[in-house]
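In what follows, a single structure is set out as structure tokens and then discussed.
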Number of protein chains: 2
Amino acid sequence: MGEKITSYMVAKRAGVSQSAVSRVFKPGSSVSEKTARKVRKAAEELGYRPNTLARAMASGRSRIIGLVVAYFENQFYPEAIEKLANTLQANDYHVLMFMSWDETEAPETVINDLLDYQVDGIIAASVGVTDVLTKRCEAAGIPVMLFNRHQNDDKLSAVTSDNFTGGRKLAEFLVRGGHERIAHVAGWDGASTQRDREAGFLSGLAAHGMTLFARSCGNFHRDQAQEAARVLLRAEERPDAIFVSNDHMAFAVMDVIRSEFKLRIPEDISIVGYDDVAMSEWPCFDLTTVRQPTNRMAEETVRILLQMIENEESLPCRIALDGPLVVRGSARLPVDE
Amino acid sequence: MGEKITSYMVAKRAGVSQSAVSRVFKPGSSVSEKTARKVRKAAEELGYRPNTLARAMASGRSRIIGLVVAYFENQFYPEAIEKLANTLQANDYHVLMFMSWDETEAPETVINDLLDYQVDGIIAASVGVTDVLTKRCEAAGIPVMLFNRHQNDDKLSAVTSDNFTGGRKLAEFLVRGGHERIAHVAGWDGASTQRDREAGFLSGLAAHGMTLFARSCGNFHRDQAQEAARVLLRAEERPDAIFVSNDHMAFAVMDVIRSEFKLRIPEDISIVGYDDVAMSEWPCFDLTTVRQPTNRMAEETVRILLQMIENEESLPCRIALDGPLVVRGSARLPVDE
DNA sequence: TCATTTTTTGCATGCGCAGTCAAAATGTCA
DNA sequence: TGACATTTTGACTGCGCATGCAAAAAATGA
């Protein structure tokens, strides 16, 4: 038991050379149908499967993609990762997970691990993707894709949803709903998603001659979002609508509104979020939000990454996919229609 | 840029042999402090890092653990995976993710992928871990750990929480709360967690001369759990308490109770769950449940797995960790204390 | 100081496969 | 049938490192 079947063994049994075996298992190689059959038969009988690691060694391609993630707290990430992993698997790649858990120590450690494993490419879905990562990977010639974020550096490819437009849609929606004191619970300002969503939202307000009534920061964390909500609600004059930068924080805000302030949603105050994670649809939240097209984002991310891997000199590209406004019950509806 | 630094280069620069370099980077090898310093200096200057894949080839150990997961829908799994990944990383192992997404096709495909990558060990956290997986891995000599499940086969190591006792605690608690018509929304009967929790629960009821008032199956899926809840609530006589097999389904049940039947929790009906995922603490759920000690489960899982990897012939072992009852507001409290 | 033990070192080999190259087999056309 | 183009094949080498082994160096003891 447990003895390794190598391509040599298969070769011997099939009465061919090891190279022949190798070729049979490498799509697109030149082998006659006759030897292919012999080899496949022998392989079958022996239970042979090519050793991926040896392949990686010899060919210089590991077919491993490093996936860097920070926190699963926000349901959006598990959902996205699941889709990324599936899409990669469908393309014969696999995901090596790197949790950059300790934000301080992580960058260096994670990057080293990543490079040590000779990953063919990297998908960064973590919030705190530092320049260090991207710099060193570039130096090592490893393509990097940013998922759900982008950086100023335009040599970096990134896939996001169209956060600006999404923010704008939300603003439009709230304005049309007749809200007059519209506040914002922001995420971490260092994140492009935050900046884009807020910018879009503000531009949407501005288009109707409005400005933000109040702003408070939740840094994408549940507890901080709750605190941010408390600040807004304790104010002399309360907002009548809040745009929370992502659904995950929106749930926190809703909890504070209902449990602590005993207010009703949307009668007393409207809430809108961003992401449309699975939970947003649950009756207890019923959250109006903008959907991130996770499936397409994952597909595009993988497509571009694989392209960069195969085609050394493909140009960096940034994609922002449109996501629809999903109207549910957490915000007062526009009356005029 | 991008040129590979090999141990040979470091060796040449340091004026030693390649073996020396290799030894310096392998803990526990015999090297003099002097050469170690020379090598480290040269390595530093060249930016050398050992190639993990080559290492794996040469040593036969990939330091990769295959993690098989099925669905992230249930928040418990992302939480667990995060902890498993972190614990493994802390031990210099990494996680290769295998999503067994298509339940029908998956087994064979996933197993093959797993074996092809020469993983050193496997953690199965998926619901549908078939015998096929465990059989083939055993044949290939790869240790397998079952996480949050066990199988009858006692050659398999498994880490779970003590589901029987947990179920029993919940029964005790509901009985002491004066409930008289206690129902159960079950998960998938094929899962050991389901069977153990239910058995414990029933034994707890029996200890007080009670039996289950009604039972309905949700198969661990949200929509089926909702349907199961509807069945229970549409009955002529409604239960006054429901034990739902995991928190994820409990949320679904709560939603149905409140949104569709306009009942109050816990005034009209008590709900208890199992897992204590992060969301259970949220005010909108405030779910009484049994905590799965995820951290310790992850630690034990990794500990045992690494032990099995290093020690060929370590005996299989099954661990069931105790988890506390977490009393919150979703179930009527016992009055007698 | 020399003989003996212990530690350190380098050499050589192999992990399992991919890919290069030249030789062999097959096919084509006149 | 022979001369040539085309496809298929096998020998060989290398990917980057770990490791057994024997030689060299250092440490120890008398």
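No experiment lies behind these values; they were computed from the predicted model shown.
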Can a donor-acceptor pair under 3.5 Å be found between the side-chain atoms of A/R23 and the base atoms of D/dT7?
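Such a pair does not exist between side chain and base.
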Polar pair under 3.5 Å, donor/acceptor by atom type, side chain A/S59, base C/dC17:
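Flag unset: no donor-acceptor pair detected.
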Would you say a side-chain N or O of [X] is under 4.0 Å from OP1 or OP2 of [N]?
X	N	value
B/S22	D/dA18	yes
A/K4	C/dC15	no
B/S7	D/dG16	no
A/T6	C/dG16	no

Among the nucleotides D/dG10, C/dG16, D/dC17, which one has an atom lying closest to any side-chain atom of B/A58?
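For B/A58, the side-chain atoms sit closest to D/dC17.
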What heavy-atom pair brings B/P316 and B/S157 nearest, and what distance separates the two atoms?
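Taking B/P316 first and B/S157 second, the nearest heavy atoms are CA-OG, 3.2 Å.
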Which atoms form the tightest heavy-atom contact between B/A43 and B/V10, and what is the distance?
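In terms of heavy atoms, the two residues are closest at N-CG1, 3.8 Å.
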Rounding to an integer number of Å, can you tell me how far [X] [atom1] sits from [N] [atom2]?
X	N	atom1	atom2	answer
A/K26	D/dT9	NZ	P	16 Å
A/K12	D/dA11	NZ	P	13 Å
A/Y8	D/dT13	OH	P	11 Å
B/R63	D/dA18	CZ	P	11 Å
A/M57	D/dC17	CE	C1'	8 Å
B/Q18	D/dT19	CD	P	12 Å
A/I5	C/dC17	CD1	P	10 Å
B/D116	C/dA18	CG	P	12 Å

By the 4.0 Å heavy-atom rule, please label B/V16 as base, sugar-phosphate, or nothing.
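Result for B/V16 = sugar-phosphate.
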Of the options B/I309, B/D120, B/L115, which is the one that meets B/I142 in a side-chain contact (heavy atoms from CB on, under 4.5 Å)?
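Filter result, single survivor: B/L115.
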OG1-CD1 distance between B/T87 and B/I65, expressed to the nearest 0.5 angstrom
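One finds 12.0 Å between OG1 of B/T87 and CD1 of B/I65.
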Could you grab the distance from atom CD1 of B/I5 to atom CZ of B/R13, nearest 0.5 Å is fine?
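So the CD1 of B/I5 and the CZ of B/R13 are separated by 9.5 Å.
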Does [X] pair with [Y] as a salt bridge, N-O distance under 4.0 Å?
X	Y	value
A/R296	A/E299	no
B/E44	B/K41	no
B/R40	B/E33	yes

Mapping A/S19 and B/A20 to their closest nucleotides on DNA chain C, which lands nearer the 5' end?
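The residue mapped nearer the 5' terminus is B/A20.
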Do any of residues 45-55 of chain A sit with a heavy atom less than 4.0 Å from DNA chain D, and if so which?
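Residues of residues 45-55 of chain A that come under 4.0 Å of DNA chain D do not exist, since none gets that close.
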Please list, in numerical order, the residues of residues 30-44 of chain A that have a heavy atom closer than 4.0 Å to any atom of DNA chain D.
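Residues of residues 30-44 of chain A that come under 4.0 Å of DNA chain D are, in numerical order, A/S30, A/V31, A/S32, A/T35.
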Have B/Q118 and B/S62 got a donor and an acceptor in their side chains that come within less than 3.5 Å?
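Distance-only check fails for B/Q118 and B/S62.
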Is the A/F98 ring parallel, tilted or perpendicular to the B/H94 ring (thresholds 30°, 60°)?
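Tilted.
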